[in-house]
There are 2 protein chains.
Amino acid sequence: MTVSNVVNGRPGVAESTRLLVDASIRHLGYKPNLSARRLAKGRTGMLTLSIPEVEIPYFAEISSAMLRAALERSMDILINQSDWDRDRELDLIHGSMSLLTDGILLYPSTLTQSDLNGARPGVPLVLFGGSEVFTNVDHVVIDNVAAAQEATEHLVSLGHRRIALIGPHLEPNSRKPNGRLAGYARALEVARIKRSQELLVNVPTYHRVDGYRAMQQLFELPQPPTAVFCLSDLLAVGALHAAYDRGVAVPGELSIMGFDDVEESRYSNPALTTIKPDKLAIARHALDLISGPGEGSEQNGPRTVITNHELVIRASTAAPGRTAAH
Amino acid sequence: MTVSNVVNGRPGVAESTRLLVDASIRHLGYKPNLSARRLAKGRTGMLTLSIPEVEIPYFAEISSAMLRAALERSMDILINQSDWDRDRELDLIHGSMSLLTDGILLYPSTLTQSDLNGARPGVPLVLFGGSEVFTNVDHVVIDNVAAAQEATEHLVSLGHRRIALIGPHLEPNSRKPNGRLAGYARALEVARIKRSQELLVNVPTYHRVDGYRAMQQLFELPQPPTAVFCLSDLLAVGALHAAYDRGVAVPGELSIMGFDDVEESRYSNPALTTIKPDKLAIARHALDLISGPGEGSEQNGPRTVITNHELVIRASTAAPGRTAAH
DNA sequence: CTGTTAGCGCTTTCAG
DNA sequence: CTGAAAGCGCTAACAG
């Protein structure tokens, strides 16, 4: 009908008719049925965003950025929580819900490259973040090795020599490449500091409690570190709390450095020195990739976009003072 | 077709046929089109969740709880950020997007009762949280006045007499009822403590920065408070940081109390005493209301469910010591 | 400029 | 147990 034209604000409708239709619409309380529109049109205007956990501030902030970026392009976002579950992530990409949304934005928490080689989803897929960089799919990342190296160098430049590292995937023989670990290693190498296995604390997740426990463990060392680089702000907040509980002064006796620049860390006591990724840029690039060049670009193969990061120096790092040993 | 039956796992299909169909499905890489299914079925299995901001930990935690509760009922959630924008919330309820999802879960950040009296959305609507309790729509709340009263009484029982309050909607002549303010007032009344207007600091939002500024303001008072009750943990974190910056010891010289029991406040230095709402219960009740009794219950009118809360005492509150004045 | 005709991909009837 | 027929509410392509 002509009705469809007026509802969609398309040109080529007489002003009089338009008014008439508008009146009827209001009168009858008509609401368009989006499902039907979608069936007919073939697109939904919705994207699926998959993150491991909304409660982790980094993901909450990234989600918020995605929501904003989507709004800028008048799209909606359906948030899916994968709970770090491999099956949930696999399900999404080979997936059942594919034809509901126009694309999938996924933070690969457990997937590896080879998982992506198999069947492709029915809709565009773009990855963002994660410790590994995928070359077989569109992926928006930061340069994790450079970032971790800068962070470690900052600690080195302050005069630290015993610098611990707290993070997940630090197992000695992990097959999953870990850019941040590599950056840390490189910085030590440049500074001619010998790596010590006891200063590498592997944790199961990025949660505060893991940072707390890891720090406790480091305090028990015969020769505790004078600085700790935590692979997320949340981990750093946990470490900070452990220092607080033990009465160790930060940064006086111990320097702590985070990663992510989540707002929480600007208000911790003391505020955290950290690495700040450009979250809005990540979101915008992800959105551009997903709704961008379209099918035509398949020829050019998967694209990797590297976004900026920045070292933000706040109050939790300083030159080493007295030892952290109690 | 019979195909539909096997896809939906319905009975009444010969085992042989089922196998045949399954094989073809796998072979052809068939994916059901959810939009089509929805058009035909009339329901989408999706709910819209509207919160002001995902980056606010309380909302992130509530979202997570909703996501989990929805998963338990095999539903999906579309998250909408209202950004505290009245128009966005109104739009949602009188709404355009109505027929996309099966229901709307809304945190009323700016709406008032009268906004809900007008046109009803085409789908079930349930409200959760907020400072006002709506009686004309299904609403899941906590008893804000009781909670705030308990919080204040805890401070009183410690021996405090000058207890400040930091929060939004504290204007003297606000028309919007504020349960938490009422609870605070009642506790003081019971303790026969005179209310002082200078101890009420009204802030624009629940963000950390507002707590920070409000606290700075209180420090400038000729006679600063010995305790502060912040109407959100985020505000309390800001206040804590202000105390830290000024070198005021918490809880030695100043007690700080929060509201929400967000994980962040368990790791602040010191950890915050706070009011803990049962977020999962809120989520589950909201989901039950929305997909519950259905149309039949319209006769019984809107339901209000009040969920539990709990006072959690941690390290940020203690008996008053030296004055907080610098 | 307006109205008609198909058909999106599924789920329902209801016959075979 | 299986298949054919109709229609969910919309948009697209065309004809009046």
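We name chains A, B, ... by the order of the sequence lines, and we start the count at 1 in each one.
- The two residues His139(A) and Gly129(A) make their nearest non-hydrogen contact at NE2-O, 2.8 Å.
- Side-chain N/O atoms of Thr205(A) and Asp210(A) include a donor and acceptor closer than 3.5 Å.
- Considering only heavy atoms from C-beta on, Ile282(B) comes within 4.5 Å of Phe128(B) through its side chain.
- In this structure, Lys279(B) contributes its side chain and Asp261(B) its backbone to a donor-acceptor pair below 3.5 Å.
- Ile79(A) pairs by the side chain to side chain contact (heavy atoms under 4.5 Å, CB included) definition with Leu49(A), Ile51(A), Ser63(A), Ile77(A), Ile79(B), not counting sequence neighbours.
- Under 3.5 Å, the side chains of His207(B) and Glu263(A) contain no donor-acceptor pair of N or O atoms.
- Each end of the helix from dC1(C)-dG16(D) to dG16(C)-dC1(D) yields a helix axis from five base pairs, and these two axes differ in direction by 40° (to the nearest 10 degrees).
- Both Ala14(B) and Val7(A) sit near DNA chain D, but only Ala14(B) has its closest nucleotide nearer the 5' end.
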Polar atoms only, N or O, under 3.5 Å: list the protein pairs with nucleotides 6-9 of chain C and their distances.
residue	atom	partner	partner atom	Å
dC8(C)	O2	Ala40(A)	N	3.4

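- One finds a salt bridge joining Arg86(B) and Asp115(B) here, because a Lys/Arg side-chain nitrogen approaches an Asp/Glu carboxylate oxygen to under 4.0 Å.
- A salt bridge links Glu55(B) with Arg68(A); the closest basic N to acidic carboxylate O contact falls under 4.0 Å.
- Side-chain nitrogen and oxygen atoms of Thr2(B) include at least one within less than 4.0 Å of the OP1 or OP2 phosphate oxygen of dG3(D).
- Look at Ser4(B) and you won't find any side-chain N or O under 4.0 angstrom from OP1 or OP2 of dC10(C).
- With dT2(C), dT11(D), dC1(D) as the choices, the nucleotide that has an atom nearest any side-chain atom of Thr17(A) turns out to be dT2(C).
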